[in-house]
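Computed from a predicted structure; not experimentally measured.
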Amino acid sequence: MTSALTRLRELPEAFTFAGFCRLSRFSNNAASVCLRRWKEKGFIEPAGERAKIYFNKLRSPEVDSALRVAALSFEYLSAILCGESVLHASGWITQIPAQLSVAVLSRPSYVSLHGFDIRGRPLSWFRKIHPLLESSAEERVYGLRALPPALALADLYADPDGWHPDPDDLDIPDQDHDSVLSAFELLGLDRKAAQAATAAKR
């Protein structure tokens, strides 16, 4: 056990299955057994149910949001904060989302990560929204690139199966009403829906 714990202390605060195999020189099977034992003892915490990313609780007993965002960014390079998470961070809604909503490039299957609601979007969507994203680190929200709030609102309405905020629950600043109309048009949505959202509290 001593040698195993020494090995774990040498690992970073977050590490991948592949990285552990490379550093330990364990086979995949031996590494899986070792990690399962560490998990059972509370020495490590997986980033998600099927994620191959682990948090080293000997190095960092409390897994903070920065580590979780780092794991998200490792698994999904395309990750962008979207939806109700953006609306709440911008003060457009008061309800606090249970998880951070994140748009990622569509793939056949997704790795779930604790604390995040993963939403696939096609490459065409990313091409549309890319010119509107702020590239500077100072403009990041919760450590992530984020949609502008007007575009986050339009994207919610673009998903027929997603959550659509009641217009009466929205607090859209007057100066952003035109941005909402433009965002709805960009995503090919009915202009009337945008007008209803921006007119609700006028």
Exercise for review: Any chance you could lay out the side-chain contact (heavy atoms from CB on, under 4.5 Å) test for L151 and V180, step after step, and finish with the verdict?
Suggested key: CA-CA 7 Å; L151 197 52; V180 171; over 6 Å; no
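- Proximity of D155 to W125: side-chain heavy atoms (C-beta onward) are separated by under 4.5 Å at one or more points.
- V86 and A146 make their closest contact through CG2-CB, 4.3 Å (heavy atoms, listed as atom of the first residue, atom of the second, distance).
- In terms of heavy atoms, E84 sits closest to L156 at OE1-CD2, 3.4 Å.
- The shortest side-chain heavy-atom distance between L147 and L81 does not fall under the 4.5 Å cut-off.
- Between S101 and R119, the side chains place a donor N or O and an acceptor N or O closer than 3.5 Å (distance only, hydrogens not considered).
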Check your understanding: Please walk me through it: do L144 and S73 pass side-chain contact (heavy atoms from CB on, under 4.5 Å)?
Key -> CA-CA 8 Å; L144 292 166; S73 299; 4.2 Å; yes
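- With rounding to the nearest 0.5 Å, the separation of NZ in K39 from CD1 in I44 is 8.0 Å.
- Between L11 and F20 there is a side-chain heavy-atom pair separated by less than 4.5 Å.
- Around atom CD1 of I96, no more than 12 heavy atoms belonging to other residues, nucleotides or ligands sit under 6.0 Å away.
- Side-chain contact between R7 and F26 is present, with at least one heavy-atom pair separated by less than 4.5 Å.
- Criterion: ILVMFWY side-chain heavy atoms under 4.5 Å apart, direct or through other members. Under it, W92 and L186 are part of a common hydrophobic cluster.
- Between P173 and D176 there is a side-chain heavy-atom pair separated by less than 4.5 Å.
- In the hydrophobic clustering of ILVMFWY residues, with side-chain heavy atoms under 4.5 Å counting as a link, I53 and L23 come out apart.
- Separation of atoms CG (L181) and CG (L189) is listed at 11.5 Å; rounding is to 0.5 Å.
- Residue-environment remark: CD (E49) stays at or below the threshold of 12 foreign heavy atoms within 6.0 Å.
- When all heavy atoms of S85 and Y142 are compared, the pair lying nearest together is O-CE1, 4.3 Å.
- Taking every heavy atom of both residues into account, A183 and A150 meet most closely at CB-O, 3.5 Å.
- Under the 3.5 Å distance criterion, the side-chain polar atoms of R36 are left unmatched by any main-chain donor or acceptor of A31.
- Between L87 atom CG and T94 atom OG1 the span is 11.0 Å, to the nearest 0.5 Å.
- L58 contributes atom CG, which lies 12.0 Å from atom CD of E10 (distance to the nearest 0.5 angstrom).
- Taking 4.5 Å as the limit, some side-chain heavy atom of I129 sits within range of a side-chain heavy atom of I80.
- Put simply, the side chain of Y157 gets close to the backbone of P165: a donor and an acceptor are under 3.5 Å apart.
- Pairs of residues two or more places apart, or lying in two chains, that qualify as side chain to side chain donor-acceptor pair (under 3.5 Å) and include a residue from residues 61-72 are E45-R68.
- The two residues A71 and F55 have their closest heavy-atom pair at CB-CZ, 3.9 Å.
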**Study point:** Test side-chain contact (heavy atoms from CB on, under 4.5 Å) applied to R140 and R145, step by step
**Key:** CA-CA 5 Å; R140 298 200 170 200; R145 293 179 301 161; 3.8 Å; yes
Exercise for review: For side-chain contact (heavy atoms from CB on, under 4.5 Å), just list the numbers for L170 and L153, CA-CA rounded to whole Å, side-chain angles, deciding distance to a tenth of an Å, and then say yes or no.
Suggested key: CA-CA 10 Å; L170 289 168; L153 177 62; 4.0 Å; yes
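- In this structure, L113 and E75 approach most closely via the heavy-atom pair CD1-CB, 4.3 Å.
- Within a 6.0 Å radius of NE2 in H130, no more than 12 heavy atoms belonging to other residues, nucleotides or ligands are found.
- F74 CZ: 12 or fewer foreign heavy atoms inside a 6.0 Å radius.
- Here L8 contributes atom CG and K41 contributes atom NZ; the two are 12.5 Å apart, rounded to the nearest 0.5 Å.
- Counting heavy atoms from C-beta on, the side chains of K52 and T16 never come closer than 4.5 Å.
- Between the R107 side chain and the G120 main chain, no donor and acceptor come within less than 3.5 Å of each other.
- Between V102 and D117 there is no side-chain heavy-atom pair separated by less than 4.5 Å.
- Checked by atom type and distance alone, the side chain of S78 never pairs as donor or acceptor with a backbone atom of V104 at under 3.5 Å.
- In this structure, the separation between SG on C82 and CG on D159 is 9.5 Å, given to the nearest 0.5 Å.
- When hydrophobic clusters are built by joining Ile, Leu, Val, Met, Phe, Trp and Tyr residues whose side-chain heavy atoms come closer than 4.5 Å, directly or via intermediates, L35 is not grouped with V33.
- Side-chain rings of Y54 and F17 stay apart, their centers remaining 6.0 Å or farther from each other.
- In terms of modelled atom types and a separation under 3.5 Å, the side chain of S106 and the main chain of R121 share a donor-acceptor contact.
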